[in-house]
Amino acid sequence: MTVYENAKTKYAKYGIDTDAVLDTLKNVRISMHCWQGDDVIGFESKGALSGGIQTTGNYPGKASTPQELMADIDKALSLIPGKHRINLHAIYAFFDGEVVDRDQLRPEHFAPWVQFAKERGLLLDFNPTFFSHPKAADNLTLSHPDESIRKFWIEHGKACREIAAYIGKEQGSPCLCNLWIPDGYKNIPADRLGPRARLKASLDEIFAIEYDENYIIDSVESKVFGIGVEAYTVGSHEFYMQYATQNKKLCLLDNGHYHPTEVVSDKLSSMLLFADKVALHVTRGIRWDSDHVVILEDELCEVAKEIVRCDALDRVMIGLDYFDASINRIAAWVIGMRSMQKALLRALLTPNALLMDLQNQNDFTSIMAVTEEMKEYPFGAVWEKFCEENGTPIDWLPIVRTYEQDVLLKR
C-alpha cells in the first residue's frame, strides 16, 4: 500500500473521498498578485511607493521590466499546482513609447497581459491604482476637497473599469475589478462625514457606466488605517459594506485591513448570507496590516474552512495580497499560493457535515475530540499526491535557488 493509499483509507473512516477532494481543489483558481514580483513599483515610473503602504527589504533580483516580471510569474506558476489567475494593478500597463497618465489608460495598454494569460490558460483580475502618484500626495484621492483632483481619480476609475470589461470579454470570464483608495488623515479630523460624502459621489460617478456582468465584477475594499492615515480612513468597512449592498457591488475583505482582534473567517458566513459572491485579499498581518507572506497558520485555515463549510468555493473569489522584499520574491509567491491551497485541502479533508451535526446536538466534546484527531491525519500524503497529479515538484526550493543564480542575481 502506498503512502497515499494509506491516507485515503484513513480519511475514508470519516466518509471523505480523497480522490474527489483532489478533483475539487484542482479547479479552484486563486488570483496571484503580480505586485509581489517588483515591490509594487509598476512600469510607469520608478518613484517611491506611497499611499499608507510600504515594502521593506532589498533582496536582490527584483523584476524591473515587463519581460522580467512575466518570466518570474512563469517560474512561480510552474511550482504551484493547478491553473490560476493573475491579479494586475493599473501601474502595470504596457507603454509603446509614450507613457500616459492614469486617467488616460486604455485597454490596449493591457493587451500584452491578455495575450500572456491566453497563452498559458490563465485568467486576469484588475485593480485601479490610487497611490504612488503626485495627485495622491495628500493621501486623498476620490474624497479630496479639490474637485480637479477628484475628477482625475474618477476618470482613472472609469478607465480601469473599461479595461477590466475588455479583459473579461477577451478571456471569456468575468474580471474582478477591485477599488481601494488610501484616503484618510493622520490626526483626528474635524469632519468625518464630508470626505465620505465626496467618496460616495465619486463612486457613483465611476459606477454610472454599466457593463455586462459576464465581463466585469466590481468590488470595493475597506481598510482600518494605513501609514500616515492612522486616525481616520474614509473608506471604512462600514462605509463599503453599506455601499456594496446598496449598489450591488462585492465587498472585498482583506484580512489585514481590520482591527487585530477581528478575523475575516468570522465575517464570511454573514457576508455570504446577503451577497451572491464575496471577494478576498488574503495576507498575513503581524500587529497591523504588514502584508507578510501568507503561511499555513490558524486564521488561514479558518478562512478556508468557512469557504468550504459554506459550500462557497464558487462564490468566494480568492486573491492574495502581500509584498515582501526581504526574501526571494518567487519563493514568496510559491509559499503563499501553496499555503492557500493547503488550507483549502485541509478544509476539504475535514468531516464538516459530521461536525455540524455534533454542534446541533450540543456535543462539543466530540467536536473537540474529532478535530484534534484530524490534526494527526496524513494530510501531507494527500498534498504530495496533489502535486504529483498536477506535475508540480514537491521539493521546489532548489529550483528557485537555481533560477536565482542563473537569472535573478544577474539583473
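The chain is numbered in sequence order, starting from 1.
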Student: Taking NZ, NE, NH1 and NH2 as the nitrogens, is one of them in E205 or K151 under 4.0 Å from a carboxylate oxygen of the other?
Tutor: yes
Student: Report yes or no: does S143 contribute a side-chain atom to a donor-acceptor pair with the main-chain N or O of L140 at less than 3.5 Å?
Tutor: no
Student: Can you tell me how the ring of F239 sits relative to the ring of Y243, calling it parallel under 30°, perpendicular over 60° and tilted otherwise?
Tutor: parallel
Student: Just to verify, which of T233, T283, D289 counts as forming a side chain to side chain donor-acceptor pair (under 3.5 Å) with H257?
Tutor: D289
Student: Working note: L268 + L280, criterion side chain to side chain contact (heavy atoms under 4.5 Å, CB included); need CA distance, chi angles, decisive distance, verdict.
Tutor: CA-CA 10 Å; L268 278 172; L280 289 184; 4.0 Å; yes
Student: Salt bridge check, E68 against K62: does any charged N sit closer than 4.0 Å to a carboxylate O?
Tutor: no
Student: Indicate the atoms forming the closest heavy-atom contact of D125 with L176, along with that distance.
Tutor: OD1-N, 3.0 Å
Student: For the CG atom of L252 and the CD1 atom of I217, what is their distance to the nearest 0.5 Å?
Tutor: 11.5 Å
Student: Centroid-to-centroid, H292 to F323, below 6.0 Å?
Tutor: no
Student: Is there a donor in the side chain of Q246 and an acceptor in the side chain of Q242, or the other way round, less than 3.5 Å apart?
Tutor: no
Student: Between D101 and Q104 (side chain of the first, backbone of the second, donor and acceptor by atom type, cut-off under 3.5 Å), is there such a pair?
Tutor: no
Student: So F131 and H89, ring-ring contact (aromatic ring centres under 6.0 Å, His included) or not? Walk me through it.
Tutor: CA-CA 11 Å; F131 52 85; H89 248 286; 5.3 Å; yes
Student: Please examine the side chains of I41 and W35, heavy atoms only from C-beta on, and report whether any two atoms are closer than 4.5 Å.
Tutor: no
Student: Would you name the heavy atoms of N178 and E221 that are closest together and state the gap between them?
Tutor: ND2-OE1, 2.7 Å
Student: Does the side-chain hydrogen bond (donor to acceptor under 3.5 Å, both in side chains) test come out yes or no for E170 and Y166, once each step is laid out?
Tutor: CA-CA 6 Å; E170 286 290 318; Y166 152 77; 5.0 Å; no
Student: If we only count heavy atoms from C-beta on, is the L349 to W383 side-chain gap below 4.5 Å?
Tutor: no
Student: Whether R346 engages the ring of F379 as a cation-pi pair (distance to the six-membered ring centre under 6.0 angstrom, angle to the ring normal within 45°) should be assessed.
Tutor: yes
Student: Could you tell me whether the side chain of N27 and the main chain of D23 form a donor-acceptor pair under 3.5 Å?
Tutor: yes
Student: Could you check N255 against E299 for side-chain hydrogen bond (donor to acceptor under 3.5 Å, both in side chains), going step by step and ending with a plain yes or no?
Tutor: CA-CA 9 Å; N255 60 314; E299 172 57 7; 5.3 Å; no
Student: Side chains of D291 and D324: does their closest heavy-atom pair fall under 4.5 Å?
Tutor: no
Student: Verify, without hydrogens or angle tests, whether D183 (side chain) and T141 (backbone) share a donor-acceptor contact under 3.5 angstrom.
Tutor: yes
Student: Which atom names give the shortest non-hydrogen contact between P351 and I16, and what distance separates them?
Tutor: N-CD1, 3.8 Å
Student: Please examine the side chains of M32 and H84, heavy atoms only from C-beta on, and report whether any two atoms are closer than 4.5 Å.
Tutor: no
Student: D19 and salt bridge (charged side-chain N to carboxylate O under 4.0 Å, His left out): which single residue from K26, K385, K8 fits?
Tutor: K8
Student: Would you name the heavy atoms of F94 and M70 that are closest together and state the gap between them?
Tutor: CZ-CE, 3.4 Å
Student: Kindly check if the number of other-residue, nucleotide or ligand heavy atoms within 6.0 Å of CG (N58) is above 12?
Tutor: no
Student: Considering the options F116, F43, F110, which one meets the ring-ring contact (aromatic ring centres under 6.0 Å, His included) requirement together with Y92?
Tutor: F43
Student: Side chain to side chain contact (heavy atoms under 4.5 Å, CB included) between I181 and L199: does it pass, once the steps are laid out?
Tutor: CA-CA 10 Å; I181 61 172; L199 173 57; 3.6 Å; yes
Student: With the side chain counted from C-beta on, respond yes when E302 and E297 share a heavy-atom pair under 4.5 Å apart, and no when they do not.
Tutor: no
Student: Do you know which two heavy atoms are closest between P393 and R338, and how far apart they sit?
Tutor: O-NH1, 3.1 Å
Student: Please test D39 against R329 for side chain to side chain contact (heavy atoms under 4.5 Å, CB included), starting from the C-alpha separation and ending with a verdict.
Tutor: CA-CA 9 Å; D39 304 344; R329 295 169 183 82; 2.9 Å; yes
Student: Return yes if some donor-acceptor pair links the side-chain N/O of Q361 with the main-chain N/O of Q359 below 3.5 Å, else return no.
Tutor: no
Student: Is a salt bridge present between D218 and K248, judged by a nitrogen-to-oxygen distance below 4.0 Å?
Tutor: no
Student: Please check if the side chain of R161 supplies one atom and the backbone of I206 the other of a donor-acceptor pair under 3.5 Å.
Tutor: yes
Student: Does the side chain of Y11 come within less than 4.5 Å of V382's, by heavy atoms?
Tutor: yes
Student: How close do P81 and F386 get, counting heavy atoms only, and between which atoms?
Tutor: CB-CE2, 3.4 Å
Student: If you define the side chain from C-beta out and look only at heavy atoms, does anything of L142 sit under 4.5 Å from L179?
Tutor: yes
Student: Determine yes or no for a side-chain-to-main-chain donor-acceptor pair under 3.5 angstrom, with R85 supplying the side chain and S31 the backbone.
Tutor: no
Student: List in chain and number order the residues that pass side chain to side chain donor-acceptor pair (under 3.5 Å) with K277, two or more places apart in sequence or in another chain; answer none if no residue qualifies.
Tutor: none
Student: Quick check: does any side chain N or O of Q171 sit under 3.5 Å from a backbone N or O of L124, one acting as donor and the other as acceptor?
Tutor: yes
Student: In sequence, state the C-alpha distance, the side-chain angles, and the governing distance for Y322 and H33, and then conclude on side-chain hydrogen bond (donor to acceptor under 3.5 Å, both in side chains).
Tutor: CA-CA 8 Å; Y322 54 80; H33 55 310; 4.6 Å; no
Student: Give a yes or no on this: more than 12 heavy atoms of other residues, nucleotides or ligands lie within 6.0 Å of atom CE of M356.
Tutor: yes
Student: Could you tell me the separation between the CD1 atom of I163 and the CD atom of E108, rounded to the nearest 0.5 Å?
Tutor: 8.5 Å
Student: Once the angle between the rings of H156 and F130 is folded into 0 to 90°, is it parallel (under 30°), tilted (30 to 60°) or perpendicular (over 60°)?
Tutor: perpendicular
Student: When rounded to the nearest 0.5 angstrom, what is the spacing between OG1 in T392 and CD in E388?
Tutor: 10.5 Å
Student: Once rounded to the nearest 0.5 Å, what's the spacing between atom CZ of R102 and atom NE2 of H109?
Tutor: 13.5 Å
Student: Rounded to the nearest 0.5 Å, what separation is found between the CD1 atom of I91 and the OG atom of S132?
Tutor: 6.0 Å
Student: Counting only heavy atoms not in D311, do more than 12 sit closer than 6.0 Å to its CG atom?
Tutor: no
Student: Establish, for the pair K135 and W153, whether the NZ or CZ atom is under 6.0 angstrom from the six-membered ring centre and no further than 45 degrees off its axis.
Tutor: no
Student: Would you verify whether the NZ or CZ of K158 falls within 45 degrees of the ring axis of F207 while also being under 6.0 Å from that six-membered ring's centre?
Tutor: no
Student: Working to the nearest 0.5 angstrom, can you tell me the gap between D298 CG and L300 CG?
Tutor: 9.5 Å
Student: F274 vs T245, test: side chain to side chain contact (heavy atoms under 4.5 Å, CB included). Steps then yes/no.
Tutor: CA-CA 8 Å; F274 298 97; T245 301; 6.0 Å; no
Student: Determine whether a donor-acceptor pair (N or O, by modelled atom type, separation under 3.5 Å) exists between the side chain of W113 and the backbone of I86.
Tutor: no
Student: Hey, does T350 have a side-chain heavy atom less than 4.5 Å from the side chain of L355?
Tutor: yes
Student: Just by distance, do the side chain of D204 and the backbone of S202 share a donor-acceptor pair under 3.5 Å?
Tutor: no
